[in-house]
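So that the names make sense, note that chain A is the first sequence line, chain B the second, and so on, each numbered from 1.
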Amino acid sequence: MSIGVYYFGAVSLILIGLYAVLVKKNLLKILVGLSIMETGVNLLLISIGYIAGRSAPILSEGVGPNNAVDPIPQALVLTAIVIGVATTALALTVAINLYETYKTLNIEELRRLRG
Amino acid sequence: MNLQFASLLIALPLISAFFVPVIKTISRKAVMPFLVIITAVQTGIAAWVFEEVYTGGKPIIIMAGGFKPPVGINLYIGHFAALFVLIIAVAGFFMAVFSMKSIGVEPKDKYAMLFLLLMLGATGMISTGDIFNLFVFMEITAISAYALTAYNKTGEASEGAMKYIVLGGIGSSFFLVGIALIYGSLGTLNMAQIAQLAGNINPTVAQAALALLVFGLAVEAELFPLNAWAPDAYQAAPHPVTAMFSAFVVKAGLYAMVRIIYLLRDTQAFTGILRLVLILGTITVVIGELSALRQTNVKRMFAYSSIAQVGFMAVGFSLGTQAGASAGVFHMVNHAIVKALMFLAVGYVALELGGTSIEDFKGLGKKMPLTAFAITVGAISIIGIPMFNVFWSKIQLILAALKVGKTGVIALILGASLVEAVYYIRLIHTMWFESANGEKVKENFTLGVIMLLLVALIIVIGVFPNAAWNIAQKAAADLYNVSQYIKNVPLLPGVSP
């Protein structure tokens, strides 16, 4: 399978996430959209380091630097995933706070209640 | 002393943040004094670094773990970073003192931790020499900023924080895609090496990457399409946090944007991106000033004014000349001083009188003369009256625009100053000439001293601008002169992507 498939998948995930963030009215759906976007970005990063036919960048028997994929994007993605989890967790706690105050998660209602 | 000790600028807030729970188990009361002490020590280190860099004239390169760049991650504390690390530390120290008085909501230990992490993130953003490390520090700043915005746990605070989180999430995704494009085409993340190889990058890729990076950082830098969070967050956040947002968090974002744009100067996308930033900055100024005009809440009005000033800085940097960059840096410094003072004063008023709507400011000159005086000095300084510091940076912006023949920018600055004059003079009039009943408040001594210090700084820079202008010019040269930046970083020879 060519690398183009991964790029296409990554960009579509980012766009789907962006669509959800911009269009959906429910706060939780917006947060899900953000997570989808982050996944898309991570997939893009991974595919940039991918070299066809090579194995995971773990030095072991028969796997030298010349037949492993680029390890740096994988390290980056690991960091990005951790950051994404932290952001999502924080966003959910804020959403809980909002729900307890206004008893709704619809962003239009929220705007109206605040006046 | 060994210059590698400058890495304490990052290490000290980080380790202290994780020491806060330990302090808390010993005594709950010790948490806030601990915060003040740590920020004071940080100020001391920052002052030492500033002195080393400005007398030595050479940047401090810190190599993490002793690995030379581009293999290891390096910190680059040049003239710009040294200046802004000092500003961050001083502003952090003043706000830590203010926090002792103004933060009443528990849990204070969490507040102290987030406060230190916010300082750490901004310091790191300004001093890092690696583009992915920049992303990590940006996220540290952003996540602690989200949490601090929501700290008061009211409905408004949660809503402001939620807006910030959603926009910040979109921005960080864009930024990461930009990094992916740059890494994919150049194979390196080190800023100096990126600048060195920038000529090889495909023009279309460079354009897309730069546009994504600019939009990603525009959230932190409060440029137009992505700054909708700012007024809400500024209004709802605890008062010291608002002052820190305006004094250095915004500047860290703007710095990162400008640094990346200048690093990629050798690409063909450079002029196009500068034009994009010029347009974004202009719209930011116009919308910020016009929104400030019709606010009835003073804290929100200052927030919009702060956004507009950031637009000025962006416009200065987007002129693409050294004079423009110097003016931008000078405006950054002046604005940090003035806005730290004004948000401190407004926060203090809110603390004593219970709110920040314009009604609370009626007759403030009688009730809290010192605070009213501080706000007045800040306001006339921002308008750009001669003998106050912002006047000089606005003049430099105008001169820089004149040199490249951009008369539109001059009209923008003058017009915006006029609008500023309208709403600030209205506020000054309300404070001094409208009577209201209410007792005279006994003003806090420490906060009074801090406010007077900042007022003195405004007037000293206003009367003797040359020293500050020289510092700003050196800082801007560090930002603008990319070939010198590449020379300063000891890249390991023979390591190429």
Side-chain angles (χ1 to χ4, degrees), chain A residues 3 7 10-11 13-14 17-18 20-22 24 27 30-31 33-50 70 72-73 75-77 79-80 82-103 105 107 110-111 113-115, chain B residues 70-71 73 114 117 130-133 135-140 142-190 208 212 216 232 236 497:
Chain A
I3 185 76
Y7 285 138
V11 173
L13 276 178
I14 294 174
L18 196 59
V21 173
L22 296 179
K24 292 292 171 194
L27 201 51
I30 292 178
L31 296 181
L34 271 185
S35 291
I36 295 177
M37 235 176 126
E38 268 158 21
T39 314
V41 177
N42 291 343
L43 184 59
L44 180 71
L45 266 171
I46 284 282
S47 12
I48 275 174
Y50 179 73
D70 189 351
I72 292 180
L76 302 190
V77 166
T79 320
V82 174
I83 292 172
V85 169
T87 319
T88 312
L90 187 67
L92 289 174
T93 57
V94 175
I96 292 171
N97 251 347
L98 272 176
Y99 186 74
E100 281 177 353
T101 322
Y102 297 116
K103 300 292 173 217
L105 283 175
I107 50 167
L110 283 176
R111 208 171 288 149
L113 279 173
R114 199 168 153 261
Chain B
V71 177
I73 291 173
L114 291 166
L117 287 177
D130 181 283
I131 197 168
F132 190 76
N133 201 225
F135 171 74
V136 174
F137 278 124
M138 184 178 102
E139 288 299 301
I140 293 177
I143 291 174
S144 35
Y146 305 153
L148 280 172
T149 307
Y151 181 77
N152 281 339
K153 290 187 211 128
T154 58
E156 281 92 22
S158 302
E159 207 201 324
M162 188 44 93
K163 269 189 193 165
Y164 194 1
I165 291 174
V166 171
L167 280 172
I170 298 175
S172 75
S173 292
F174 279 178
F175 188 73
L176 207 50
V177 176
I179 291 180
L181 290 181
I182 286 188
Y183 182 77
S185 49
L186 293 179
T188 179
L189 292 167
N190 187 286
L212 284 163
D232 289 337

Which donor-acceptor pairs under 3.5 Å do the side chains of residues 88-100 of chain A make with protein atoms, sequence neighbours left out?
residue	atom	partner	partner atom	Å
A/T88	OG1	A/G84	O	2.7
A/T93	OG1	A/L90	O	2.5

Residue A/I30 versus chain B: region with a heavy atom under 4.5 Å: side chain
Distance (rounded to the nearest 0.5 Å) between B/L176 CG and A/L44 CG: 8.5 Å
Among A/I14, A/I72, A/V21, residue most engaged with chain B (heavy-atom pairs, under 4.5 Å): A/I72
Here the gap from A/I48 atom CD1 to B/Y183 atom OH, rounded to the nearest 0.5 Å, amounts to 9.5 Å
Minimum heavy-atom separation for A/T101 to B/G155, with atom names? CG2-CA, 3.9 Å
Would you say A/L31 and B/M162 make side-chain contact, with heavy atoms under 4.5 Å? yes
Between atom CZ of B/F135 and atom CD1 of A/I83, what is the distance when rounded to the nearest 0.5 Å? 4.5 Å
A/Y102 and B/E156: which non-hydrogen atoms are nearest, and at how many Å? OH-N, 3.8 Å
Part of B/L189 lying under 4.5 Å from any heavy atom of chain A: side chain
Residues two or more places apart in sequence or in another chain: which of them pass ring pair (Phe, Tyr, Trp, His ring centres under 6.0 Å) with B/Y146? B/Y164
Value for CD (B/E139) from OG1 (A/T87), rounded to nearest 0.5 Å, stands at 5.5 Å
OG of B/S172 to CG of A/L34: how many Å apart, nearest 0.5 Å? 8.0 Å
Distance, nearest 0.5 Å, that separates CG of A/L45 from CZ of B/F132: 7.0 Å
